[in-house]
Chemist: 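My structure is below; once you've seen it, I'll send some questions.
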Amino acid sequence: MIAGPAHGQTTSPYLPPGPASELPLVAPNDNTVAAGTLRGGVREVALEVVRADWRVETRAGPGLRVAAVAEAGGAPVIPAPLIRVETGTRVRVHVRNRLDHDPLTVFGLHTRPAENVEPFVVEPGGAHTVEFDAGAPGTYLYWFREGPAPDPQKGEFFEREQLAGAFVVDPAGGSPPDRIFVMNIFSDPIDDTTAEGGSFQGLAINGKSWPFTERVALEVGEELRWRVVNASNREHPMHLHGFFYSVLSRGTVTGDTVYDDADRRLVVTESMRPRTTMLMEWTATRPGRWLFHCHLSFHVAPQIRLPGAEESDPEHAHVHMAGLVVGIEVAPGPTDLVSRGAPVDVDLYANEYGDTNGYRYGFSVDPDFTADSLSDVPGPLLVFHQFQSVNATVHNRMSVPTGIHWHGLELDGWADGVPGWSSSEGRVSPLIAPGDSFTYRLSLLRPGTFIYHSHLDDVHQLSGGLYGPLIVLPEGEAFDSTSTAKSTKAR
């Protein structure tokens, strides 16, 4: 048996694929229904923490034995039950600890904004009730710590962030329609005596890991407001493919800052520090399949899947992403893409070369270019103009397949570059096999500085050097190519 026990357990938290056990099964929480009941201006919520089995992909696949939060009498859920009230509401929360050994330290059940609020502790088998005014509107979170905090001085780095949920305070009269996405992480070290290090991990958005996370189905022109909650103790740069989004507010456990119009950032990626929140707004302006995901490779890499995942789910055995990813499917409809003039052509070569540290990768625009060191990373600077249409042909001269994502560009879904996923108009971004090529059609709606990079086997290809810069200039503006030795203009 693989060792590496979770706190309060004598065996590994890992659950191999197989039949259900005697413990309750964790249900994914889509955060569309608020916990508790509202009577006389008081929202009353009864929560209990229990030991349960969390199957992070499918019910028949591998999983983790964890502590999870349930509404009293209900199924345990990850994320923890949504607490959502209007400002001016009194909140009364009953917490019962049904764990056999571990005390619970409870954070975030208090009025907002707040400073230096002390958590409270619920002993094993015990209960506690807390009551408070909801406070200012905003997006917040609450969480439970199972047992003592890990001690890095003792080499303890386990994570128990599945015991966390969203806490939303709406303005009087309610908020415009929105969705809530909560990121939770559980990890427990694998005993080096029986395995080659690493951790058993569950990285999930609303309780599931890609490719089993929710598919968000939209229509062209639909306006979205998303509340994103980073309930983990890791940082996550959250990237939206194909569209820009506006950051309306940023929050923490204790407060939320709502931005004035002049202070709102228009971004494709917003970094979320541990235990922070974001209210974002965007419009689905063209059809296709897209992604919203963390842009840290090791938070979306297939290597984080639990042992046995591929064998128990052969349909997704070769999935090239996992973890903190949400799929977006915009139904066929009109597009906002605009181009002027005849398309221009660019050839980009994906190269592979060896050094003392193994294989490295890099781009070039010269078919005779031979890379021989890390000084050839990043790839060449590509310079285009707003409203140009560009046919970018990627030639794969590596020994492994690849696919190229045009990070920050608003373009056709099929050209977005996630192999096997990005699609529109009946076309799909493919795996570019060794020796093969594929032409992406780039649309350039706005000036700015962007990047292009591999979107396959990121841990090796992207970190190995398969990325480069891309600049879109306003119409008619000249670029001084002498400012860099690695630039090319579209031809």
Side-chain angles (χ1 to χ4, degrees), residues 1-15 21-26 29 46-56 63-72 75-81 93-110 116-130 141-165 167 182-193 197-204 207 229-234 253 274-275 306:
M1 181 181 65
I2 298 178
H7 190 81
Q9 295 175 277
T10 58
T11 59
S12 165
Y14 172 70
L15 297 170
S21 73
E22 71 283 359
L23 291 181
L25 184 67
V26 169
N29 179 10
L47 303 176
E48 53 186 19
V49 177
V50 300
R51 195 70 61 191
D53 290 348
W54 182 25
R55 305 284 178 173
V56 297
L64 297 160
R65 183 149 292 174
V66 300
V69 189
E71 282 199 75
V77 295
I78 295 176
V93 183
H94 310 278
V95 178
R96 180 170 294 280
N97 181 2
R98 294 194 179 278
L99 302 180
D100 292 333
H101 306 290
D102 291 326
L104 295 172
T105 306
V106 185
F107 302 82
L109 296 180
H110 53 72
N116 302 320
V117 177
E118 289 294 323
F120 59 88
V121 175
V122 185
E123 297 297 333
H128 183 83
T129 297
V130 62
L141 67 152
Y142 73 100
W143 83 95
F144 302 81
R145 187 175 67 213
E146 175 191 1
D151 184 355
Q153 300 300 319
K154 297 180 180 178
E156 295 177 338
F157 297 101
F158 57 83
E159 296 166 284
R160 300 293 181 268
E161 293 138 16
Q162 81 286 354
L163 288 166
F167 192 130
V182 180
M183 293 178 281
N184 300 87
I185 294 179
F186 175 98
S187 73
D188 202 78
I190 297 174
D191 189 339
D192 285 339
T193 63
S199 298
F200 294 119
Q201 296 190 85
L203 284 79
V229 178
N230 178 10
S232 79
N233 203 31
R234 307 189 198 182
V253 178
R275 295 197 174 100
L306 291 169

Chemist: Can you tell which of D53, V50, V66, L15 makes a side chain to side chain contact (heavy atoms under 4.5 Å, CB included) with L23?
Modeler: D53
Chemist: Looking at every heavy atom in both R98 and E48, which two are closest together, and how far apart are they?
Modeler: NE-OE1, 2.7 Å
Chemist: Parallel, tilted or perpendicular, judged at 30° and 60°: which one describes the rings of F167 and Y142?
Modeler: perpendicular
Chemist: What distance separates N97 CG from L47 CG, expressed to the nearest 0.5 Å?
Modeler: 12.0 Å
Chemist: Which residues satisfy the side chain to side chain contact (heavy atoms under 4.5 Å, CB included) test with A67, sequence neighbours excluded?
Modeler: V49, R51, L99, E146, Q162, L163
Chemist: To the nearest 0.5 Å, how far apart are CD in E161 and CG in L203?
Modeler: 9.0 Å
Chemist: Check whether any side-chain heavy atom of S21 lies under 4.5 Å from a side-chain heavy atom of R65, and answer yes or no.
Modeler: yes
Chemist: Considering all heavy atoms of both residues, which atom of A204 and which atom of W54 are nearest to each other, and what is their separation?
Modeler: CB-CZ2, 3.6 Å
Chemist: A side-chain contact here means heavy atoms from C-beta on lying under 4.5 Å apart; do P124 and P103 qualify?
Modeler: yes
Chemist: Please check: side-chain N/O of N233 versus main-chain N/O of P274, any donor-acceptor pairing under 3.5 Å?
Modeler: no
Chemist: Looking at every non-hydrogen atom in both residues, tell me the closest pair between P81 and A70 and how far apart they are.
Modeler: CG-C, 4.2 Å
Chemist: Measure the CG-CZ distance between N184 and R160 for me, rounded to the nearest 0.5 Å.
Modeler: 13.5 Å
Chemist: Of all the heavy-atom pairs spanning G147 and D102, show the shortest one and how long it is.
Modeler: N-CB, 3.9 Å
Chemist: Could you state the interatomic distance from CZ (R55) to CG (L306), rounded to the nearest 0.5 Å?
Modeler: 9.5 Å
Chemist: Could you pull out all residues at least two apart from H128 that satisfy ring-ring contact (aromatic ring centres under 6.0 Å, His included)?
Modeler: F120
Chemist: In the structure I gave you, are the side-chain heavy atoms of F144 and V95 within less than 4.5 Å of one another anywhere?
Modeler: yes
Chemist: Can you sort out the partners of W143 under ring-ring contact (aromatic ring centres under 6.0 Å, His included), two or more places apart, ordered by chain and number?
Modeler: F107
Chemist: Say you draw a straight line from CD of Q201 to CD of E159; how long is it, rounded to the nearest 0.5 Å?
Modeler: 7.0 Å
Chemist: Which heavy atom of A68 sits nearest to which heavy atom of V26, and what is that distance?
Modeler: CB-CG2, 3.9 Å
Chemist: Using side-chain heavy atoms (C-beta onward) and a distance below 4.5 Å, is R234 in contact with S187?
Modeler: yes
